[in-house]
Amino acid sequence: MRYDLIIFDNDGVLVDSEPISNRLLAEYLTEVGHPTTYEDSIRDYMGSAMHRIHDLIEERTGQRLPAEFDDVFHGRVFAAFERELKAVDGAADVLEGLDAAGVRYCVASSGSHERIRVGHRTTGLDRWFDEERVFSSQDVGRGKPAPDLFLHAAERMGVAPERCVVVEDSPLGVQAAVAAGMDVYGFTAMTPATKLAGATLLFSSMKELAGLLQRS
């Protein structure tokens with residue numbers, strides 16, 4: 001394998017959280033006076049750190065979101081995760097295969113550490129991710145599409161960027177990986193392939209990923 005480190009995005013790649021979180025985000029933004037559809041949320045905010053959502057709303061409307069917005073939103077998301085969240089089909093098999101082959105991996109997500117942990121505990125993926133393998137936009141100054149998070153993860157894992165590949169499902173994540181000088185495999189389960197055009201390659205099922213990595 002040409003890569004020494006596989007960096008996974010979390011939401012939509014390891015856990016099937018994007019439909020849940022974008023539904024709730026659209027509902028809550030609408031509730032606080034910024035009418036938003038589910039489709040709007042997917043288009044504008046998928047893959048974003050929370051600070052980017054605040055910035056976009058203020059840029060477009062001149063208004064700031066309520067101070068309690070993040071806490072209320074996360075509370076709703078975590079409650080929904082407990083009821084509904086599942087791992088992405090095939091994700092556990094990929095992680096098990098990487099472990100068996102001795103290939104290093106980590107997760108680097110726009111979500112908070114708490115969100116990552118709640119999702120992993122709920123879906124059983126926590127068995128593959130100790131603290132040393134979990135990185136969040138909270139750890140850096142700028143979230144995706146800036147390269148900071150992926151570069152931080154690579155540095156902490158002791159791997160040069162050119163020896164890393166990122167697995168991403170959002171345009172922002174693909175932009176961040178490219179800016180970091182890393183290859184990126186674009187996962188098109190929820191995102192049209194045209195929106196991930198900057199990716200090194202595209203795939204539509206997590207069950208394809210192990211074979212793609214082995215052939216790399």
Side-chain angles (χ1 to χ4, degrees), residues 3 5-22 25 41-42 45-50 52-53 77 81 85-92 94-95 98 103-120 122-123 125-126 128-129 133-140 142-154 156-157 159 161 164-193 195-210 212-213:
Y3 303 113
L5 179 66
I6 318 301
I7 303 177
F8 291 95
D9 176 43
N10 190 56
D11 295 294
V13 171
L14 295 176
V15 296
D16 194 17
S17 52
E18 293 292 8
I20 299 170
S21 57
N22 281 283
L25 179 59
S41 184
I42 291 286
Y45 306 121
M46 182 172 160
S48 295
M50 290 301 296
R52 184 173 180 274
I53 298 170
V77 167
F81 279 4
L85 188 64
K86 300 182 186 308
V88 168
D89 189 30
V94 170
L95 295 170
L98 292 175
V103 178
R104 301 178 71 200
Y105 58 88
C106 65
V107 60
S109 172
S110 292
S112 66
H113 279 279
E114 184 181 12
R115 176 181 171 127
I116 297 167
R117 283 300 178 202
V118 169
H120 286 184
T122 303
T123 59
L125 295 184
D126 55 336
W128 284 287
F129 291 99
R133 295 185 183 187
V134 177
F135 304 99
S136 161
S137 62
Q138 289 179 312
D139 303 330
V140 295
R142 299 179 300 168
K144 305 169 190 177
D148 304 35
L149 176 57
F150 291 140
L151 291 172
H152 171 70
R156 290 290 300 274
M157 297 293 289
V159 179
C164 300
V165 62
V166 176
V167 183
E168 261 288 355
D169 72 329
S170 76
L172 293 177
V174 169
Q175 292 173 45
V178 171
M182 300 175 182
D183 282 355
V184 53
Y185 288 7
F187 185 36
T188 62
M190 274 195 65
T191 308
K195 292 187 178 296
L196 302 179
T200 308
L201 58 78
L202 302 172
F203 68 104
S204 60
S205 168
M206 196 57 64
K207 296 177 180 179
E208 301 172 48
L209 183 58
L212 293 172
L213 290 171

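To the nearest 0.5 Å, atoms OG1 (Thr200) and CD (Glu168) are separated by 12.0 Å. Atom NZ of Lys144 is separated from atom CZ of Phe150 by 4.0 Å, given to the nearest 0.5 angstrom. Note that NE2 of His120 is 8.5 Å distant from CG of Asp126, once rounded to the nearest 0.5 Å. To the nearest 0.5 Å, atoms SG (Cys164) and CG (Leu151) are separated by 9.0 Å. Rounding to the nearest 0.5 angstrom, the gap separating the CG atom in Asp148 from the OG atom in Ser137 is 10.5 Å. Taking CE from Met157 and NE2 from His152, the interatomic distance works out to 11.0 Å, rounded to the nearest 0.5 Å.
A salt bridge is absent between Lys86 and Asp16; no separation between the charged side-chain nitrogens and carboxylate oxygens falls under 4.0 Å. Checked for salt-bridge contact, Asp139 and Arg156 miss the test: no charged N lies under 4.0 Å from a carboxylate O.
Pro19 places a side-chain heavy atom less than 4.5 Å from the side chain of Met190. Put simply, the side chain of Arg115 reaches to within 4.5 Å of the side chain of Phe81, judged on heavy atoms. Side-chain contact between Met46 and Asp169: present, with at least one pair of heavy atoms (C-beta onward) separated by less than 4.5 Å. The shortest distance between side-chain heavy atoms of Val166 and Tyr185 does not fall below 4.5 Å. No side-chain heavy atom of Val118 sits under 4.5 Å from any side-chain heavy atom of Leu85. In this structure the side chain of Val167 never reaches within 4.5 angstrom of the side chain of Ile7, judged on heavy atoms. By the 4.5 Å heavy-atom criterion applied to side chains, Val165 and Met182 are not counted as neighbours. Within the 4.5 Å cutoff, no side-chain heavy atoms of Val134 are placed close to those of Cys106.
Stacking of Arg52 on the aromatic ring of Tyr45 is not recorded, the 6.0 Å distance cut-off and the 45° axial limit not both being met.
The two residues Ser48 and Leu172 come nearest to each other via the heavy atoms OG-CD1, 3.3 Å. Here the shortest heavy-atom pairing between Ala176 and Ala146 reads CB-O, 3.3 Å. Nearest approach of Ser110 to Gly47, heavy atoms of both residues: OG-O, 2.8 Å. In plain terms, the two heavy atoms of Ile116 and Phe135 that are nearest each other are CD1-O, 3.8 Å. Residues Arg142 and Pro147 come closest through the heavy atom pair NH2-CD, 4.4 Å. Heavy atoms only, all atoms of each residue included: Gly119 and Thr123 are closest at O-OG1, 2.8 Å.
Partners of Phe8 under the ring pair (Phe, Tyr, Trp, His ring centres under 6.0 Å) rule, at least two apart in sequence or in another chain, do not exist in this structure. Checked against salt bridge (Lys or Arg N to Asp or Glu O under 4.0 Å), Asp183 has the following partners two or more places apart in sequence or in another chain: Arg2. For Lys207, the salt bridge (Lys or Arg N to Asp or Glu O under 4.0 Å) criterion is met by Asp89, not counting sequence neighbours.
Between the side chains of Ser17 and Asp11, at least one donor N or O sits under 3.5 Å from an acceptor N or O. Residues Asn22 and Ser41 bring a donor and an acceptor atom of their side chains to less than 3.5 Å of each other.
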Please lay out, stage by stage, how Leu14 and Val88 fare under the test side-chain contact (heavy atoms from CB on, under 4.5 Å). CA-CA 5 Å; Leu14 295 176; Val88 168; 5.7 Å; no
Should Leu201 and Val184 be marked as a side-chain contact (heavy atoms from CB on, under 4.5 Å) after you check the CA-CA gap, both sets of side-chain angles, and the distance that decides it? CA-CA 7 Å; Leu201 58 78; Val184 53; over 6 Å; no
Could you go step by step and tell me if Ile6 and Val103 meet the side-chain contact (heavy atoms from CB on, under 4.5 Å) rule? CA-CA 8 Å; Ile6 318 301; Val103 178; 3.9 Å; yes
Steps toward ring-ring contact (aromatic ring centres under 6.0 Å, His included) verdict (Tyr105, Phe129): CA-CA 9 Å; Tyr105 58 88; Phe129 291 99; 5.6 Å; yes
Test log, rule side chain to side chain donor-acceptor pair (under 3.5 Å), inputs Arg117 and Ser112: CA-CA 9 Å; Arg117 283 300 178 202; Ser112 66; over 6 Å; no
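Thr188 contributes no side-chain N or O that, together with a main-chain N or O of Ala193, makes up a donor-acceptor pair within less than 3.5 Å. In this structure a side-chain-to-backbone donor-acceptor pair under 3.5 Å is missing from Ser109 to Ser136.
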